[in-house]
Chemist: 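Here it is, the structure, as structure tokens.
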Amino acid sequence: MNISDKNLKNEERVSFALRALYSKYGYAQYKMSKFEEYDLYVRNKDFLISDGVITFTDTNGRLMALKPDVTLSIIKNCTEAEGTVQKMYYNENVYRVSGSTKSFREIMQVGLECIGDIDAYCISEVLLLAARSLMTISDEWVLDISHLGILNDVIDALCLDETAKREVIKCVGEKNLHEATRLCGDGEAADRIRALISTYGSVREVIPRLRDAGVSKAHIKELGDLTAALDMYGLSKNLRIDFSVVDDIKYYNGIVFKGYVHGVPTSVLSGGQYDNLMKRMGKKAGAIGFAVYLDLLEGLSSKSEKYDVDTLVIYDENEPAESVAQTVARISDTGASVVAQRRVPEKLRYKKLIKLSDGEVTVLEDNA
Amino acid sequence: MKTMLNVALPKGRLGEKVYDMFAKAGFECPSIKEESRKLIFENESAGVRYFWVKPSDVAIYVERGAADIGVAGKDILLEYSPDVYELFDLDIGKCRMAVAAPSDFRDNPEKTLKVATKFSNIAQRYYSSKGRDIDIIHLNGSIEIAPILGLSDVIVDIVETGTTLKENNLEVFETIVPISARLIANKSSFMFKSGQIEKIVNSMKDM
């Protein structure tokens, strides 16, 4: 059966396209159950985007949860083999408290994870796939890349206690220069924080400024090499380096990124390297991955159809079913959508109205 | 067609002051000064669209992307923690978030402190950072009368000059945080309209 783009909702089209894209790069689909033992989330509570988890007691008395997250389950079940990388993608529903409504929502999420001996190539491949995922969603997109190693170096130099550290990181995430100044005061380390907050933009603009801001050569080289790999595909104009992409350093390290498309008010893609989370879960391997939040794409296509149906057939109550079926089949064979009713439904918008009586077809209205 | 920059302004005196700052930055829209009940004003040649919204709603408009940027009080940002960029402290609309109580009030740490406020999250965070057990009484207005009627021991509210407090025999006991108006931006809009937004921020910095 042919399915045209017309029949698909935006998020469905993207979901199919992304799965095809990830398979092409050798990522295997990872299918999982909707439930997971609650214990897994308690141990890694801060990793979850929202606090709430829907729980229930299984028949054997174990406390289970409807998955609020996919990554933790993948890590739990991954096997480690030196020198190799496991590449997986998933398309799952997760259940979380939505930030704005403060109630549980089912969120369709597509994403991928790369677990194992992560090297520069793996990271650049994941970034490339993140960029391509955004291209699938919209022509106007931006991939914001940050390096938590750089941020960490600067924050450590400030010698702050944990609470103050968290507040400074929050300021970096908000591009909040005035508050950062209030917290950090003067001095070389404070200047470096301010430099990080005000440094963002295209790779070409940012890299030289990072040198001036005293960022370590190794980190600059890492960022430069990664973005150069993406440059090969002509993607650099949509890439930005921006340190306001901050994730919990308890779990994430190295490269982190967020993707935005024009018309959606929040990031639709989010990911990064999470070696620290792997360590916390007793794994030696490194890992990087990202997720695309498909539920956010619902509002993206604003074009609304003018008509609900192409043709509305009104038939007499005495009309034999066979005659109605024939008329409907004839119209639907032309490729038009058709609905047969005994009377005109309220508020139905149709292009053409046809009456069928005694096998005779009369056109009553034609709005085409 | 020029991409329009959508700006949510807080209704009232502060909003008018803020508009003047935007106009100076090159985003003029003279029709906004005309007497009318209209809420949306547009100047296509300058590429800007302003709308007046309730001050406490500005952050919602910006977070949800209906406005690209807006001006909101730090009190609202602290209370609702919207996921937005806080780009600039305008240094206007200055006041402070404070704990006030009748002048004869003595805090008794043996008892749960009853706190009346519009800003439940701010009050909760403040007292939990001090390890104080409190009972929050969320009110939507006339907070000052809560301690007088014995509804609460103290109030957490915005204090500008202190006149209202004084008239109700209350005085400030602690300042929680200073407040002023902040320029905020939607994170996604910032990616696609950073040129226009930066122009405004830089021009405000020079004012």
Side-chain angles (χ1 to χ4, degrees), chain A residues 49-50 98-102 134 137-145 163-164 166-167 170-183 197-198 200-202 205 237-246 257-270 293 296 299-300 302, chain B residues 3-6 8 57 59-70 72 74 77-78 80-92 94 120-121 125-126 128-131 177-195 197-198 200-202 204-205:
Chain A
I49 293 173
S50 76
S98 131
S100 45
T101 59
K102 309 275 179 235
L134 292 167
I137 299 169
S138 168
D139 295 334
E140 288 182 272
W141 58 273
V142 168
L143 184 64
D144 247 12
I145 303 173
T163 323
R166 262 202 305 276
E167 275 185 58
K170 190 168 170 274
C171 288
V172 177
E174 288 174 351
K175 291 190 185 294
N176 192 337
L177 208 55
H178 44 275
E179 208 69 37
T181 302
R182 194 182 62 78
L183 286 166
I197 295 177
S198 17
Y200 52 85
S202 70
E205 285 164 3
K237 75 174 182 3
N238 299 70
L239 294 187
R240 287 167 55 114
I241 294 180
D242 188 328
F243 294 96
S244 73
V245 182
V246 287
F257 49 93
K258 276 194 184 348
Y260 295 88
V261 297
H262 189 48
V264 179
T266 55
S267 59
V268 294
L269 182 150
S270 170
Y293 307 111
L296 296 173
L300 195 57
S302 53
Chain B
T3 22
M4 296 292 266
L5 186 72
N6 295 306
D57 288 342
I60 299 173
Y61 280 80
V62 175
E63 186 181 28
R64 295 264 183 158
D68 300 314
I69 56 172
K74 183 67 183 172
L77 301 178
L78 286 171
Y80 299 106
S81 312
D83 187 18
V84 294
Y85 287 136
E86 188 183 316
L87 298 176
F88 187 62
D89 183 350
L90 279 78
D91 215 27
I92 56 173
K94 282 166 97 166
S120 306
N121 294 329
R125 264 202 309 268
Y126 176 67
S128 89
S129 75
K130 297 174 73 171
V177 63
I179 305 285
S180 58
R182 311 289 162 100
L183 179 71
I184 56 172
N186 175 273
K187 288 191 169 179
S188 181
S189 301
F190 190 83
M191 300 299 141
F192 299 97
K193 298 180 180 174
S194 58
I197 298 175
E198 275 164 15
I200 290 178
V201 177
N202 291 333
M204 284 184 171
K205 276 181 189 164

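By convention in this document, chain letters (A, B, ...) are assigned in the order of the sequence lines, proteins followed by strands, and residues within each chain are numbered from 1.
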Chemist: Taking it one step at a time, do B:Ser194 and A:Arg240 satisfy side chain to side chain contact (heavy atoms under 4.5 Å, CB included)?
Modeler: CA-CA 12 Å; B:Ser194 58; A:Arg240 287 167 55 114; 3.7 Å; yes
Chemist: Of all of A:Cys171, A:Gly201, A:Ser267, A:Ser244, which one pairs up most often with chain B through heavy atoms under 4.5 Å apart?
Modeler: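 Ranked by contacts with chain B, first place is A:Ser244.
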Chemist: So which part of B:Asn186 gets closer than 4.5 Å to some heavy atom of chain A, the side chain, the backbone, both or neither?
Modeler: side chain
Chemist: Ignoring hydrogens and angles, tell me if any N or O in the side chain of B:Ser188 forms a donor-acceptor pair with the backbone of A:Val264 under 3.5 Å.
Modeler: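 Between the backbone of A:Val264 and the side chain of B:Ser188 there is a qualifying donor-acceptor contact (under 3.5 Å).
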Chemist: Check whether B:Val84 gets within reach of chain A through its side chain, its backbone, both or neither, counting any heavy atom under 4.5 Å.
Modeler: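 Just its backbone gets close to chain A.
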Chemist: What residues, two or more places apart in sequence or in another chain, satisfy side-chain contact (heavy atoms from CB on, under 4.5 Å) together with A:Ser202?
Modeler: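 A:Ser202 satisfies side-chain contact (heavy atoms from CB on, under 4.5 Å) with A:Arg204, A:Glu205 once adjacent residues are dropped.
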Chemist: Is there a side-chain contact between A:Tyr260 and B:Phe192 (heavy atoms, below 4.5 Å)?
Modeler: yes
Chemist: Residues two or more places apart in sequence or in another chain: which of them pass side-chain contact (heavy atoms from CB on, under 4.5 Å) with A:Glu167?
Modeler: A:Thr163, A:Leu183
Chemist: Shortest non-hydrogen contact from B:Met191 to A:Asp242?
Modeler: CE-OD2, 4.0 Å
Chemist: Can you say whether A:His262 sits under 4.5 Å from chain B via the side chain, the backbone, both, or neither, judging by heavy atoms?
Modeler: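 For A:His262, backbone and side chain are both near chain B.
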Chemist: Can you tell which part of A:Val268 gets under 4.5 Å to a heavy atom of chain B, answering side chain, backbone, both or neither?
Modeler: neither
Chemist: Using non-hydrogen atoms and a 4.5 Å limit, figure out which bit of B:Phe88 sits close to chain A: side chain, backbone, both or neither.
Modeler: backbone
Chemist: Minimum heavy-atom separation for B:Leu87 and A:His178, please, with both atom names.
Modeler: C-CE1, 4.0 Å
Chemist: For a quick test of reading the model, state the closest non-hydrogen atom pair linking A:Gly173 to B:Tyr85 and the distance between them.
Modeler: O-CE2, 3.4 Å
Chemist: Evaluate A:Leu177 against B:Lys205 for side chain to side chain contact (heavy atoms under 4.5 Å, CB included), listing each step before the verdict.
Modeler: CA-CA 12 Å; A:Leu177 208 55; B:Lys205 276 181 189 164; 4.3 Å; yes
Chemist: Using a strict threshold of under 4.0 Å (side-chain N to carboxylate O), is an ion pair present between B:Arg182 and A:Glu179?
Modeler: yes
